[in-house]
Asks: 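Below: one structure in structure tokens.
One-based numbering, in listed order, for ligands and for the atoms of each. Excluded from the calculations below are hydrogen atoms, water molecules and symmetry mates; all remaining heavy atoms, backbone and side chain alike, are included.
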Amino acid sequence: MSLLIRGASQVATPTGHGARRGADLARLDVRPRAVVRCEGDRIAFVGSEEEHDRSFPRPDAVLDAGGGCVLPGFVDPHTHPVWAGSREDEFNRRLRGSTYMEIARAGGGINATVRATRGASRDQLLAAALARLDIFLGHGTTTIEAKSGYGLDLATELRMLEVIRDADRSHPVDLHPTCLAAHEVPPEHRDDPERYIRLLVDEIHPAIAASGLAEAVDVFCERGVFDLDQTRRLLADAPRYGWRIHLHADELSQLGGTELAVELGALTADHLIYVSEAGIRALAASETVAVLLPGTSFFLRSSYAPARAMVEAGCAVAVATDCNPGSSPTQSMPAILALACLGMGLTVEEALTAATLNAAAAIGRAGEIGSLEVGKRADLIVLGAPSYHHLVYHYGVSQIRHVVKNGRLVVRDGLRTG
Ligand code: NIG
Ligand code: FE
């Protein structure tokens, strides 16, 4: 099956098979009136319509971009998309002055979602996750990283990871599963967190590794959750399990999680609101991708990660939604782009690369997705606007008109088609 996307005002994309840094972060390939040809699930051509018509047979199907801009599908490299219940009550408490950690220590926070998720069946969790994935897709996201972490016991963590696997099989959005059983200390171990760490190291992580349901592991390295030494112990077996490492680092306080992530050769260090200057230098000299989550800063009304300093230092910067019920209940990468620009000071070009090619690098997939280039997966979006600037400029309003995933039109005029 071949599909030709024509009638675009422009096709804009970063290029390459790895994360971009420094001045290269802003370098987009922008081709006025170009066409994109998909063959099966891959991109077969990007260029002028005349050249296409000379080189290729008539396509099986044509999508008229209607004068819109064509971009790569967004890659969201940090999400918590499986949960039950809702925490809008905490949102209002925070507006009245309570902090995220105060609410967590009073029985709310992650453990409130753990209670609801433990009580939900696999079918209920899957239905909720699929509904969330429809929203991801409608906002132009074609691939996500997906964490467990609202079970905090073996049975529920496995159930969450099975839901992620089943959602990946049945929904157009691709999901890359991460075990986040070390998201918080569950209530039954609060009196002795070391007991939960032993359980994670001796039973939960080995069983999840044996299940093959996770490709990466993550830890919430934070004051009052897991400290540096505990995080180190929790991640020691990751290489043996073939797991890549993500790390929630320096989100609510400056603990040095960023430096630890680099030391451990982590694929990503995430959040980094309180990263130190040494942490920035360490990141810049490493392959670890800095995954910045400006939606969380916005929603928790905290400061933003020092994105400009990181770009200038030469760090590989990506952005993500952090979609979760507590600190960032959104699936919208366009909203995150707006915050990346208006809150963190990235330019539109930098933010776009951070949400596509660099985000693909943050899940180890920059060779396969994240840009519109021959041989990559045919994952793209068509805006209802003539240039990529409108995605951020016209903030708060969805500009996503069509979405193509694996060479198939899955959203047409904002509606799911398959
Ligand atoms: O990335 N920091 C830990 N995890 C999430 C919050 C999860 C929750 O509040 O439910 C985060 O911010
Ligand atoms: Fe998170």
Asks: If the cut-off is 4.0 Å to any non-hydrogen atom of His80, which atoms of ligand 1 fall inside it?
Replies: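 With His80 as reference, the close atoms of ligand 1 come out as 1 (O), 4 (N), 5 (C).
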Asks: Determine whether Pro334 and Phe74 make a side-chain contact, defined as any pair of heavy atoms from C-beta on separated by less than 4.5 Å.
Replies: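 Of all side-chain heavy-atom pairs linking Phe74 with Pro334, at least one is under 4.5 Å.
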Asks: For ligand 1, which atoms sit closer than 4.0 Å to a heavy atom of Arg87?
Replies: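 With Arg87 as reference, the close atoms of ligand 1 come out as 8 (C), 9 (O), 10 (O).
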Asks: Would you mind running through ligand 1 and noting each atom that sits below 4.0 Å from a heavy atom of His183?
Replies: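 What qualifies from ligand 1 is 3 (C), 4 (N), 5 (C), 7 (C).
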Asks: Can a donor-acceptor pair be found between the side chains of Gln10 and Ser387 at a distance below 3.5 Å?
Replies: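 Side-chain D/A pair, Gln10 to Ser387: absent.
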Asks: Among side-chain atoms of Lys147 and Thr79, is any donor-acceptor pair under 3.5 angstrom?
Replies: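 No, no side-chain donor-acceptor pair sits under 3.5 Å.
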Asks: Can you find an N or O of Tyr100 that's nearer than 3.5 Å to an N or O of ligand 1?
Replies: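 Min N/O separation from ligand 1 is below 3.5 Å for Tyr100.
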Asks: Could you walk me through whether His176 and His246 pass the ring pair (Phe, Tyr, Trp, His ring centres under 6.0 Å) test, one step at a time?
Replies: CA-CA 12 Å; His176 291 278; His246 301 292; over 10 Å; no
Asks: Would you indicate whether the side-chain heavy atoms of Thr117 and Val114 approach each other to under 4.5 Å?
Replies: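 Of all side-chain heavy-atom pairs linking Thr117 with Val114, none is under 4.5 Å.
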Asks: Going by the order shown, which atoms of ligand 1 are within less than 4.0 Å of some heavy atom of Ile110?
Replies: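 Within the 4.0 Å cut-off of Ile110, ligand 1 contributes 7 (C), 8 (C), 9 (O), 10 (O).
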Asks: Taking only heavy atoms of Ser327, which atoms of ligand 1 are found under 4.0 Å from at least one of them?
Replies: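 Answer, ordered by atom number: 5 (C), 6 (C), 9 (O), 11 (C), 12 (O).
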Asks: Measure from the Fe ion (ligand 2) to each N, O or S atom of His248 and report whether any distance is below 2.8 Å.
Replies: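 It does: His248 brings an N, O or S atom closer than 2.8 Å to the Fe ion (ligand 2).
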Asks: Using only heavy-atom distances, determine whether the side chains of Asp322 and His80 contain a donor-acceptor pair under 3.5 Å.
Replies: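 Yes, a side-chain donor-acceptor pair sits under 3.5 Å.
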Asks: Do the charged groups of Arg21 and Asp24 touch, with an N to O distance under 4.0 Å?
Replies: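 Looking at Arg21 and Asp24, the cut-off is not met.
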Asks: For the 3.5 Å polar cut-off, considering only N or O atoms, please tell me whether Thr113 and ligand 1 meet it.
Replies: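 No.
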Asks: Just heavy atoms, cut-off under 4.0 Å: does Glu222 contact ligand 1 by side chain, backbone, both, or neither?
Replies: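 Neither part.
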Asks: Show which atoms of ligand 1 fall inside a sub-4.0 Å distance from at least one heavy-atom site of Tyr150.
Replies: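 Taking each heavy atom of Tyr150 in turn, ligand 1 has 7 (C), 8 (C), 10 (O) under 4.0 Å.
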Asks: Provide the atom name of the closest N, O or S atom of Asp322 relative to the Fe ion (ligand 2).
Replies: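 Checking each N, O and S atom of Asp322, the shortest distance to the Fe ion (ligand 2) belongs to OD1.
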